[in-house]
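Read through the structure below, which is laid out as structure tokens, and then see the notes.
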Number of protein chains: 2
Amino acid sequence: MLSQKAKYALKAMIALATQEEGNLLQAADIAERQNVPRKFLELILLDLRKHGLVRSQRGKFGGYALAKPADAITFGQIIRIMDGPLAPIPCASLTGYRRCADCRDEKSCAVRRTMREVRDAAAAILDGTTIADALGAGAHEARAAIGA
Amino acid sequence: MLSQKAKYALKAMIALATQEEGNLLQAADIAERQNVPRKFLELILLDLRKHGLVRSQRGKFGGYALAKPADAITFGQIIRIMDGPLAPIPCASLTGYRRCADCRDEKSCAVRRTMREVRDAAAAILDGTTIADALGAGAHEARAAIGA
DNA sequence: CCTTTTGTCGATCAAATTAGTAGTGTTTAA
DNA sequence: TTAAACACTACTAATTTGATCGACAAAAGG
């Protein structure tokens, strides 16, 4: 399951992407537009900043902006920051591998094998969808259609 | 994330599938083989029985068996029973749809659209992989290769 | 310098979920 | 009738989730 936190983070990033280059958006603005608790959103933006996805400016007329072009930020990056690995189970994760305590033989584990397939499929979509794709309603589909 | 419960359920079903037709396997046996807490496993098997995936026999020499052929039971069925919908977010679920409280316009929500893609990809794999596939190490891949 | 506005950060918290455990009952075969 | 097995209910401890609060720091403007 995607946590509320990750969902809010995605929505916030999309909101930031609607701004033109260099224009700051304030937490309170984003919170109101996206219907998200303001203080909670601040924590999320802080976290995104610490991971280099947004930059912030303090003080009067401060706010947040994307730290990179919208087409260089993927859903996968954001979700991994907020919720951790994409894999349904740690033993099937590339970025956060952990052995199952109860596993007798990982090599022959059908659960692991199938969960790896699920992970790969999810990662292909989430690492292949950028914040820029999220802006135009049909952008990703269009991209997919031409095989990009 | 796949819960321990769902993981144990999958492992238990695979264990039951190794038995020949009509042969019962006891909870204690499965628990030991698969390294799963026995009492917890009993709850899981009970749940699987109530959903018609296993049958049980009480009393001495009782135990559990699959209620249907192994190739008629999918990972998706088992996971939905234990953990609920496959979709990462309720608004992207087919089997357990629920609107997001904070959503202004679902139709244009890029998060939802992308999570639906993820759901579809996961469902394709999990509803396409059966307990029978899990037995032979390469069964599913073989099946996939011939386009079945 | 002072005030206002805004991000930063630590602490705290209530509710839900997860991963079990315990114990009692009920059925069945020998 | 007894031992072995599933059935069912109840409980609980730990963790995670989804926040909220308040003090602090910085930046801009008068």
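Both backbone and side-chain heavy atoms feed into the values below; hydrogens, waters and symmetry mates do not. Lettering follows sequence order; numbering is per chain, from 1.
Separating the CG atom of L48(A) from the P atom of dG7(C) is a distance of 14 Å, rounded to the nearest angstrom. Across the protein-nucleic acid pair, L41(A) atom CG and dT8(C) atom P stand 11 Å apart, rounded to whole Å. One interatomic measurement links the two molecules: CE of M1(A) to C1' of dA16(C), which rounds to 12 Å at whole-angstrom precision. In this structure, CG of L24(A) is placed 17 Å from P of dT5(C), rounded to the nearest angstrom. Q26(A) places its CD atom 15 Å from the P atom of dA27(D), with the value rounded to the nearest Å. With rounding to whole Å, L46(A) atom CG is found 15 Å from dA19(D) atom C1'. Rounded to an integer number of Å, the gap from L45(A) CG to dT6(C) P is 14 Å.
Within the 4.0 Å cut-off from OP1 or OP2 of dA7(D), at least one side-chain nitrogen or oxygen of R49(B) is found. Neither OP1 nor OP2 of dA5(D) sits under 4.0 Å from any side-chain N or O of S56(B).
We find that R80(A) and D127(A) are joined by a salt bridge, their nearest charged nitrogen and carboxylate oxygen being less than 4.0 Å apart.
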Tell me, for nucleotides 18-30 of chain C in 5' to 3' order, what letter each nucleotide earns: B for a base near a protein heavy atom under 4.0 Å, S for only sugar-phosphate near one, - for neither? -SBBBB-BBBBSS
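With rounding to the nearest 0.5 Å, the separation of CG in L16(A) from CG in L24(A) is 9.5 Å. Between the CD1 atom of I125(A) and the CG atom of D120(B) there is a distance of 8.0 Å, given to the nearest 0.5 Å. Atom-to-atom distance recorded for Q77(A):CD and T130(A):OG1 is 9.5 Å, nearest 0.5 angstrom.
For residues 21-31 of chain B, there are no side-chain hydrogen bond (donor to acceptor under 3.5 Å, both in side chains) pairs, not counting sequence neighbours.
Among the heavy atoms of the strands, none lies under 4.0 Å from A28(B). Across all strands, K7(B) comes closer than 4.0 Å to no nucleic acid atom at all (heavy-atom distances).
Looking only at distances, no side-chain donor or acceptor of R119(B) sits under 3.5 Å from a matching main-chain atom of A123(B). For the pair R104(B) (side chain) and R33(A) (backbone), a donor-acceptor distance under 3.5 Å is present. Judged by distance alone, the side chain of R98(B) and the main-chain N or O of P90(B) form no donor-acceptor pair under 3.5 Å.
Residues from residues 15-23 of chain A lying near DNA chain D, meaning a heavy-atom separation below 4.0 Å, are absent. Using a 4.0 Å cut-off on heavy atoms, none of the residues of residues 84-104 of chain B approach DNA chain C.
Under the side chain to side chain contact (heavy atoms under 4.5 Å, CB included) criterion, A27(A) pairs with E42(A), L45(A), Y64(A), not counting sequence neighbours.
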For residues 2-15 of chain B, run the donor-acceptor check on the side chains, cut-off 3.5 Å, and write out each pair with its distance to 0.1 Å, sequence neighbours left out.
| residue | atom | partner | partner atom | Å |
| --- | --- | --- | --- | --- |
| S3(B) | OG | K5(B) | N | 3.4 |
| S3(B) | OG | A6(B) | N | 3.1 |
| S3(B) | OG | D83(B) | OD1 | 2.5 |
| S3(B) | OG | D83(B) | OD2 | 3.3 |
| Q4(B) | OE1 | K7(B) | NZ | 3.3 |
| Q4(B) | NE2 | Y8(B) | OH | 2.9 |
| K7(B) | NZ | D102(A) | OD1 | 2.7 |
| K11(B) | NZ | D102(A) | O | 3.4 |
| K11(B) | NZ | D102(A) | OD2 | 2.3 |
| K11(B) | NZ | Q34(B) | O | 3.0 |

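The hydrophobic cluster containing L126(B) also contains L135(B), counting ILVMFWY residues as joined when their side-chain heavy atoms lie under 4.5 angstrom apart, directly or transitively.
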